Amino acid sequence: MDKLYTPHAIEEKWQRYWEENKSFKVAEDPHRKKYYLLEMFPYPSGRIHMGHVRNYTIGDVLARFMAMRGYNVLHPMGWDAFGMPAENAAIQSNTHPHEWTYKNIDTMRSQLKRMGFSYDWDRELATCDLMYYKWEQWLFLKMHERDLVFRRKSFVNWCESCQTVLANEQVEGGLCWRCKKEVTQKELAQWFFRITRYADELLESLDKLTGWPERVLTMQRNWIGRSYGTEIDFAVEHSPEKITVFTTRPDTLYGATFMSLAPEHPLARKLAEGTPRHASVQSFIERILKQDKLVRSSEDLEKEGIFTGACCINPVTGFRMPIYVANFVLMEYGSGAVMAVPTHDQRDFEFAKKYGLDFIVVIQPEGETLDPKTMACAYVDEGVMVNSQQFDGMKNSEAMENITRYLEKQGCGKKAVHYRLKDWGISRQRYWGNPIPIIYCDACGIVPVPEKELPVVLLKDITITGSGQSPLASCPEFVNTVCPRCARPARRETDTMDTFVESSWYFERYACPEYDSGPLDVQKVKYWMPVDQYIGGIEHAVLHLLYARFFTKVLRDLGLVHVDEPFVNLLTQGMVCKETQRCETHGWLYPEEVHNGTCKHCSAPVQVGRTEKMSKSTRNVVDPEQLIQKYGADTARLFCLFASPPEKDLEWSDQGVEGAYRFLYRVWRLVAEHRDNLIQALPVSDEQVIDTIIKNLRRKTHQTIKKVTDDIFQRFHFNTAISAVMELVNELYQGAPLARESTASRAAFREAIEAVILLLSPMVPHVCEELWSELGNRDSISKTPWPSYDEAIAEAEEAVIVIQVNGKLRGQITVNAKVSENYIKEQALACEKVQPWISGKQIKKVITVPGKLINIVVG
RNA sequence: GCGAGAGUGGCGGAAUGGCAGACGCACUGGAAUUAGGAUCCAGCGGGAAACCGUGGGGGUUCGACUCCCCCCUCUCGCACCA
């Protein structure tokens, strides 16, 4: 066996072996327990980055581990392949999105293969494949039938010069990120998924997700934002109109002295129409609507508003409430109208001070009397009702229910539940996405594309100009069609779907990627779903994970999926970080632009900045491919696993990588040096083992198996699992058992080495396959069962008992593990080192922890 | 402001009520080598010592990195939500 460890030759050899033997291909097997392990699939941006390497390595360890434990493991991979970067690349480099995407997929696929991940590549899918988006269109139609899809006008970020909708994150300081022109709010007809219909279930079934991190659950709860309150109607004076507000504080109704409307509120403009105020109200509204959303929603924004000239009537007090349009009222929340109670709401307080509006105290705190004239801020806490007619004297918490009930009786209010969650707008004025299967007919209106006419094919023969408009809209062969109902000429919808739609059901499609009689093969999905372990970044805590949960519930109601929740356990891995480096003249520097702390271009000293997430913009990146070239995939994998536990951020360290490589070499050398001796070793038989040194080695071996198994299975703490194996390797390097040159010592040594290789194999599979076969094993290590341990062998015969006096460490004794507590006590009290601390003192108490510790409490 | 997480040697981290610092990196010394690198072995929180040490202060306990209360710092999420 070669003394040299040659990772590249070994890795390529085994990657070929796995591919040729289809080692990780799986099929449903009712006799075996399934385990579905999934990592979030990547966007094919061009090349894999270190974040992918870490994410997919963690997943691969678990997949391989579970397979060795006897599970039928589904471990698929695919591509989240629709999206804007493909279109931007098309504009920049004149490459068609289709070509660009599939080329990137090819590159990234081979990079993933080069990492040695155990995917069943036969299940690979790309969401831009016709087969995939066709069935997504079919799902859209089914949702349309069930009124889960609707079209509505809504306000969106609109860039006039680019003629397109922009996502919130594409608006920078109120300007379009591409052309730097001002972004406006525009009302556009958009398609929506009625996710709010599932709001309660999405919220309530979070409680069932005990395998999810608490903070993800919290983020989802906040996002859904359910609040209980009351809807109250206010009649507008001299008008048939009424304004409905939602409030969580109906107890303050008697103190409502004015009304605030969001600038987007339909009545905001209307109320001033035909009055002298119209022009000023109009220009105020216009000015606010133009403001950047971020600016508008910041807390330190100056509260301003304008009187519409109209008033409404407080339904319980008859108070004439002037109606204002106010910049801080959000159309998205409640009804876009707020009953303002200056005495008991801080915002209303500030607003009322500014515009000289009325203050009426309706809740008095205990032992204090509020006076509107002297109040410095609103009183928002508990208290007793005053100025509230029949509710006076009640605790305000009781008054909430009572006032609501009273309003219900009067017919001007009711209990209501509101959500922060909005229906999901899915229309995108983009080319590289899934066409929405809808036809517009002048005679019949909105007509869904009939099922048998699916798919609506995304035309490839198209020029992307960068004008911002979807090229589909200016493509007559696409737009012009006939109405499926009346056969007259009609137009196709040219918007495409949000790409989050594709990622909402891909994990179910993995169960049956070839199926073509529907989106999902129910039987196969039934076998594989739910995903037992999902792994991905925290950045998807709300959006993707919420949409995927929503889709699973919709698919369940369509009878395609039998589970309520798609992901039983969720692991959110930390980011990969690295220190940043900067040169005065050349800005951020890539690691390879730095030489001995100086800039490669100008030799100026480099400033080392803070450690941040690896990112191209700060250039603190390490290319996985270079890492593989230098050290091999196993080293890259080992470093990612060893540097920190998966849920924490990982700090990149070149020296740490070096250390990982050194360890693999160390294992390699250990086997290479002893191979000839070990290859004829027989299995260990207990009666041979009388030698203490051999016994100790066997104990360490079995303890290590136990620890590694627990660390991987129960905690996903690969770093401590690896250090346990390192300890065993260190012990083997001491070489004592082999010095015995007996059958028994050879056997024990082989047992230990085999354990090392087996335990490391999910983490560094290539080198372990090679070492395993060098030891004379015929089968691939991936088909070898995970080693088991013998509790009796792992158990220590002798125990080191720590002796404390008053909680301080004073000595230790070594005793047989089976001796009685009393004996330990005697020995401890007799221990020389302990004597000075207890002599002449009264022993009050002695506490023993079996096998570990004894604490003598003296007075 | 609210919520969550974190704070331990020179560094990454380990220990979830029982010997603080496993394992690795860096560093130091030794072996080997013509020499360097690689390798192997050993040492490595502070302090001369008594002792002191897990962000700071208090508490519970025989015993606290670990549990409870208060405070500080950092990271993330939410944030005029009526």
Side-chain angles (χ1 to χ4, degrees), chain A residues 213-223 225-227 229-230 245-250 252 256 260 262 296-301 303 326-330 332-341 344-348 350-351 380 418-420 538-539 541-542 574-575 577 610-613 638-639 642-645 647-660 662-663 665-666 669 707 717 719-730 733-735 800-812 844-858:
Chain A
E214 196 51 49
R215 66 172 170 155
V216 176
L217 297 175
T218 308
M219 283 164 81
Q220 293 223 351
R221 281 190 194 106
N222 289 342
W223 188 266
R226 181 166 73 183
S227 55
T230 307
V245 305
F246 172 74
T247 180
T248 54
R249 294 294 304 272
T252 64
S260 306
R296 222 185 115 189
S297 62
S298 78
E299 199 165 2
D300 31 272
L301 179 78
K303 286 171 186 43
N327 64 343
F328 64 91
V329 179
L330 306 171
E332 305 87 72
Y333 189 79
S335 59
V338 180
M339 68 171 207
V341 185
H344 303 293
D345 181 288
Q346 188 56 29
R347 292 154 299 176
D348 297 342
E350 287 166 33
F351 196 87
V380 296
H418 271 267
Y419 300 91
R420 214 181 75 105
I538 186 75
E539 63 273 20
V542 175
M575 299 180 299
C577 301
R610 38 184 272 161
T611 300
E612 288 180 60
K613 180 185 177 176
L638 187 66
F639 173 73
F642 185 59
S644 70
E647 67 279 3
K648 289 226 286 185
D649 284 351
L650 180 154
E651 192 180 322
W652 194 263
S653 151
D654 291 331
Q655 283 157 339
V657 176
E658 199 77 46
R662 218 153 33 212
F663 173 67
Y665 218 139
R666 203 167 145 83
R669 227 171 2 246
K707 170 143 181 71
H717 279 204
N719 55 336
T720 51
I722 292 165
S723 49
V725 179
M726 283 173 168
E727 281 185 51
L728 178 57
V729 169
N730 288 347
Y733 260 87
Q734 306 301 314
V800 178
I801 306 288
V802 172
I803 308 168
Q804 294 181 339
V805 179
N806 285 350
K808 286 204 192 310
L809 178 67
R810 297 304 181 194
Q812 60 180 47
K844 285 183 169 172
K845 206 188 211 181
V846 176
I847 288 139
T848 51
V849 180
K852 275 190 178 166
L853 173 143
I854 177 162
N855 189 14
I856 304 161
V857 185
V858 295

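Values below: all heavy atoms of this structure, side chains included; hydrogens, waters and symmetry mates excluded. Computed from a predicted structure; not experimentally measured. All chains are named by letter (A, B, ...) in the order of the sequence lines, taking the proteins before the strands, and each is independently numbered beginning at 1.
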Hey, what are the protein-to-nucleotides 13-16 of chain B N/O distances that come in under 3.5 Å?
from   : atom 1 : to        : atom 2 : distance (Å)
G13(B) : O3'    : Asn719(A) : ND2    : 3.4
A14(B) : OP1    : Asn719(A) : ND2    : 3.0
A15(B) : OP1    : Arg715(A) : NH1    : 3.0
A15(B) : OP1    : Arg715(A) : NH2    : 2.9

With a 3.5 Å cut-off and just heavy-atom distances, do the side chain of Lys852(A) and the base of C19(B) make a donor-acceptor pair? no
Check for a donor-acceptor pair, side chain of Asn719(A) on one end and backbone N or O of Ser644(A) on the other, with a separation under 3.5 Å. no
For the side chain of Tyr733(A), counting heavy atoms from C-beta on, which of C41(B), C19(B), G3(B) is nearest? C41(B)
Need one value for Asp348(A): base, sugar-phosphate or nothing, where a base atom within 4.0 Å counts as base even if backbone is also close, heavy atoms only. nothing
Before giving the answer on side chain to side chain contact (heavy atoms under 4.5 Å, CB included), spell out for Asn806(A) and Val857(A) the whole-Å C-alpha distance, their side-chain angles and the decisive distance to 0.1 Å. CA-CA 5 Å; Asn806(A) 285 350; Val857(A) 185; 3.6 Å; yes
Determine: side-chain N/O of Arg221(A) to OP1/OP2 of G3(B), distance under 4.0 Å, yes or no. no
Between Cys577(A) and Thr611(A), which heavy-atom pair has the shortest distance, and what is it? CB-CG2, 3.7 Å
Roughly how many Å apart are A20(B) and G53(B), using the C1' atom of each and rounding to a whole number? 9 Å
Reckon Arg347(A) has a side-chain N or O less than 4.0 Å from the OP1 or OP2 of C81(B)? yes
Thr247(A) side-chain N/O to Arg249(A) backbone N/O, donor-acceptor pair under 3.5 Å: yes
For the residue pair Asn730(A) and Arg666(A), establish whether any side-chain heavy-atom pair is separated by less than 4.5 Å. yes
For the residue pair Met339(A) and Thr252(A), what are the closest heavy atoms and their distance? CE-OG1, 3.6 Å
Would you say Asp345(A)'s side chain and Ala340(A)'s backbone share a donor-acceptor pair under 3.5 angstrom? no
Interatomic distance, Met575(A) CE vs U75(B) C1' [rounded to whole Å]: 8 Å
Ring centers of Phe663(A), Phe642(A) separated by less than 6.0 Å: no
Quick one: list whatever passes side-chain hydrogen bond (donor to acceptor under 3.5 Å, both in side chains) with Arg215(A), sequence neighbours left out. none
Lys808(A) vs Gly336(A), nearer the 5' end of RNA chain B by closest nucleotide: Lys808(A)
When you measure from the side chain of Glu727(A), which nucleotide among C19(B), A82(B), C23(B) comes out closest? C23(B)
Are there any protein N/O atoms within less than 3.5 Å of an N/O atom in nucleotides 27-32 of chain B, and if so, which ones and at what distance?
none

Take atom C1' in U54(B) and the same atom in C67(B), then report the distance between them in whole Å. 16 Å
Atom C1', compared across A22(B) and G13(B): separation rounded to whole Å: 10 Å
Contiguous Watson-Crick or G-U pair runs (3 or more, under 3.5 Å) in RNA chain B: B:1-7 with B:72-78, B:10-12 with B:23-25, B:27-31 with B:39-43, B:55-59 with B:67-71
Whole-Å distance, Glu350(A) CD to C80(B) C1', equals 9 Å
Between the protein and nucleotides 58-63 of chain B, list every N/O to N/O distance that falls short of 3.5 Å.
from   : atom 1 : to        : atom 2 : distance (Å)
C62(B) : OP1    : Lys845(A) : NZ     : 3.2
C62(B) : O2'    : Asn855(A) : ND2    : 3.4
C62(B) : O2     : Asn855(A) : ND2    : 2.4

Side-chain N or O of Arg420(A) versus OP1/OP2 of C78(B): is the shortest distance under 4.0 Å? no
Under 6.0 Å from the six-membered ring centre of Phe328(A) and within 45° of its axis: does the NZ or CZ of Arg347(A) meet both? no
Expressed as a whole number of Å, how far does the P atom of A82(B) sit from that of U8(B)? 38 Å
For Arg666(A) and C23(B), what is the distance between atoms CZ and C1' respectively, to the nearest whole Å? 12 Å
Among the nucleotides C80(B), C19(B), U39(B), whichever has the atom closest to the side chain of Arg669(A) is U39(B)
Of the nucleotides A4(B), C23(B), C19(B), which one has an atom closest to the side chain of Arg215(A)? A4(B)
If you check every side-chain atom of Val338(A), which of A82(B), A22(B), C19(B) has the closest atom? A82(B)
Any donor-acceptor N/O pair, Asn855(A) side chain to Ile847(A) backbone, under 3.5 Å: no
Mind checking whether Trp652(A) and Val657(A) have side chains closer than 4.5 Å, heavy atoms only? yes
When rounded to whole Å, the CD to P distance for the pair Gln655(A) and G10(B) reads 17 Å
Which way is the base of G9(B) turned, syn or anti, if we draw the line at 90° from 0? syn
Report the distance from atom CZ of Arg249(A) to atom P of C81(B), rounded to the nearest whole Å. 12 Å
Could you check Leu853(A) against Thr247(A) and say which one's nearest nucleotide on RNA chain B is further toward the 5' end? Leu853(A)
No-hydrogen, no-angle side-chain donor-acceptor test under 3.5 Å, Arg420(A) and Asn222(A): no
Base, sugar-phosphate or nothing for Ser653(A)? Non-hydrogen atoms, less than 4.0 Å. nothing
Which whole number of Å gives the distance between the P atom of C65(B) and that of G17(B)? 13 Å
Figure out the CG/C1' separation between Leu638(A) and C23(B), and round it to whole Å. 12 Å
Across the strands shown, which category fits Tyr665(A) at heavy-atom distances under 4.0 angstrom: base, sugar-phosphate, nothing? nothing
Rounded distance [0.5 Å steps], OG1 in Thr848(A) versus CD1 in Ile803(A): 12.5 Å
Pairwise P distance, G55(B) and G7(B) [rounded to whole Å]: 8 Å
Inter-residue atom distance His418(A).NE2 - Thr230(A).OG1, 0.5 Å rounding: 10.0 Å
Minimum heavy-atom separation for Ser227(A) to Tyr333(A), with atom names? OG-OH, 2.8 Å
Using the 3.5 Å cut-off, write out each protein N or O paired with an N or O of nucleotides 42-46 of chain B and the distance between them.
none

Which of the following nucleotides, C23(B), C19(B), C80(B), is nearest to the side chain of Asn730(A)? C23(B)
Take the protein atom CG of Leu809(A) and the nucleotide atom P of A50(B), then report the distance between them rounded to whole Å. 13 Å
Looking at Phe351(A), I'd like to know if the NZ or CZ of Lys303(A) sits under 6.0 Å from its six-membered ring centre while staying within 45 degrees of the ring's axis. no
Closest non-hydrogen atom pair, Gly656(A) against Ser653(A): N-OG, 2.8 Å
Phosphate OP1/OP2 of C25(B): any Arg662(A) side-chain N/O under 4.0 Å: yes
Taking every heavy atom of Val329(A) against every heavy atom of Gly336(A), the minimum-distance pair comes out as CG1-O, 3.5 Å
